Amino acid sequence: MLEQTFDETIAADRRVEPRDWMPEGYRNTLIRQIAQHAHSEIIGMQPESNWLTRAPSLRRKAILMAKVQDEAGHGLYLYSAAETLGADRADLVERLIIGRQKYSSIFNYPTLTFADVGVIGWLVDGAAICNQVPLCRNSYGPYARAMIRICKEESFHQRQGYELLLTMMHGTDAQRELVQESVDRWWWPALMMFGPPDDRSPNTEQSMAWGIKRHTNDELRQRFVDMTVPQARVLGVTLPDPELEWNEQRQAHDFGSPDWEEFDAIVRGDGPCAAERIDRRRVAHEEGAWVREAATVFARKMRAAEAGAGRAAQEGSK
Ligand code: FAQ
């Protein structure tokens, strides 16, 4: 009976809510994906914050600081969504730190120049939007609702990245070279963000049947390429793929294949910045322990004060 209600909810494209019965596999898939997504947002703060102290102007610094703070907010909405499934936030963070849970492959690459800030906004946030807009319609209510706000902010991030790059492309030859060099480094990793090709993606079929994913990895990768090519043309940069060309018959671009061995190594935890990213996260978690303790004590005192005020009001009305 419970399973039938769940199946009907999915078939009718209604939302599953925290107190509804759901199969364990559905719950675990959501916890895995939402936790991985939350970890990505938090780890994703590191490559960009690398440039906060060296931003070329106060304006660029203020924009970058706001963006990095937005990513923290995204992580927090997502951990909260995972908690509605019964996951424990401290446990999820612990799993990330000990390498039992993943974060997006893209944040394993270093940010070598300030152009990387613009390229991350354009390509990484651009890929994130492509992947995440359909998640606003995913079948689990709290995740879908969290994604609406996240997508609005990611879309703003994408525009700030593109605007930064346009400014640099209208600057000096040296600035144009910085942008092109950065695009050359980030293009293939951005394509890998969508996950392995469909024929090597163990989770897609079931996740699509449950309405957790709405499109396959390859469909979204194609959508991203088609969206990005005209933007690259306006910008005046070359995408580093000799196989990239418009296919009239398919009404879509043909493009080359990312280095899936490199992707597999990163997913195994052997990314170029993997140790540094996790170590930084561990240190931040340890150094933040006093904030969590203080917040817990404060919340307990507030609850006690509210309960006391409630009792006093009741006695006063007798
Ligand atoms: N990196 O069967 P599939 C952002 C793993 S947020 C690492 O295809 P699935 C914002 C996958 O977990 C970016 N691992 O898996 C920002 C699975 O391993 P498991 C994050 C990956 O879940 C911008 C295995 O490979 N976005 O950028 C990756 O059906 C700028 C097999 O793969 C999200 O998390 C990868 N790229 O599809 C922040 C979006 N791809 O766990 C700061 C939500 C796959 O079975 C600055 N997530 N794996 O051992 C999703 O849409 C999906 O989880 C996919 C993967 C599409 C990522």
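Just so it is clear, the model here is predicted, and its values are computed rather than measured. Ligands are counted one by one from 1 in listed order, and the atoms in each one are counted from 1 as well.
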Legend entry - Contact partition for M45 relative to ligand 1, non-hydrogen atoms under 4.0 Å: neither
Legend entry - From K61, K67, R54, residue fulfilling salt bridge (Lys or Arg N to Asp or Glu O under 4.0 Å) relative to E48: K67
Inset, instruction - Would you check whether K102 has a nitrogen or oxygen atom less than 3.5 angstrom from a nitrogen or oxygen atom of ligand 1? - result: yes
Legend entry - atom 57 (C) of ligand 1 [closest protein heavy-atom partner, distance rounded to 0.1 Å]: M193 O, 4.0 Å
Legend entry - Any N/O pair I106/ligand 1 closer than 3.5 Å: no
Legend entry - Aromatic plane relationship, W260 with F263 - under 30° parallel, 30 to 60° tilted, over 60° perpendicular: perpendicular
Legend entry - Residue and atom name of the nearest protein heavy atom (relative to atom 22 (O) of ligand 1), distance in Å to one decimal: R32 NH1, 3.0 Å
Legend entry - Within-shell test, H74 vs ligand 1, heavy atom, strictly < 4.0 Å: no
Inset, instruction - Could you find the nearest protein heavy atom to atom 36 (N) of ligand 1 and give me its residue, atom name and distance? - result: S105 OG, 3.0 Å
Inset, instruction - Specify the protein heavy atom at minimum distance from atom 30 (C) of ligand 1: its residue, its atom name, and the distance to 0.1 Å. - result: D125 OD2, 3.5 Å
Inset, instruction - List the steps and the verdict of side chain to side chain donor-acceptor pair (under 3.5 Å) for D70 and H157. - result: CA-CA 9 Å; D70 282 354; H157 295 169; 2.8 Å; yes
Inset, instruction - Give me the one residue out of M227, K152, Q158 that meets side-chain contact (heavy atoms from CB on, under 4.5 Å) with I129. - result: Q158
Inset, instruction - Let me know which of Y103, F107, Y79 forms a ring pair (Phe, Tyr, Trp, His ring centres under 6.0 Å) with H39. - result: Y79
Legend entry - F194: numbered ligand 1 atoms lying under 4.0 Å from its heavy atoms: 56 (C)
Inset, instruction - Looking only at protein heavy atoms, identify the closest one to atom 37 (O) of ligand 1 and say how far it is in Å. - result: K213 NZ, 2.9 Å
Legend entry - Heavy atom of the protein closest to atom 12 (O) of ligand 1 (residue, atom name, distance): Q36 OE1, 2.7 Å
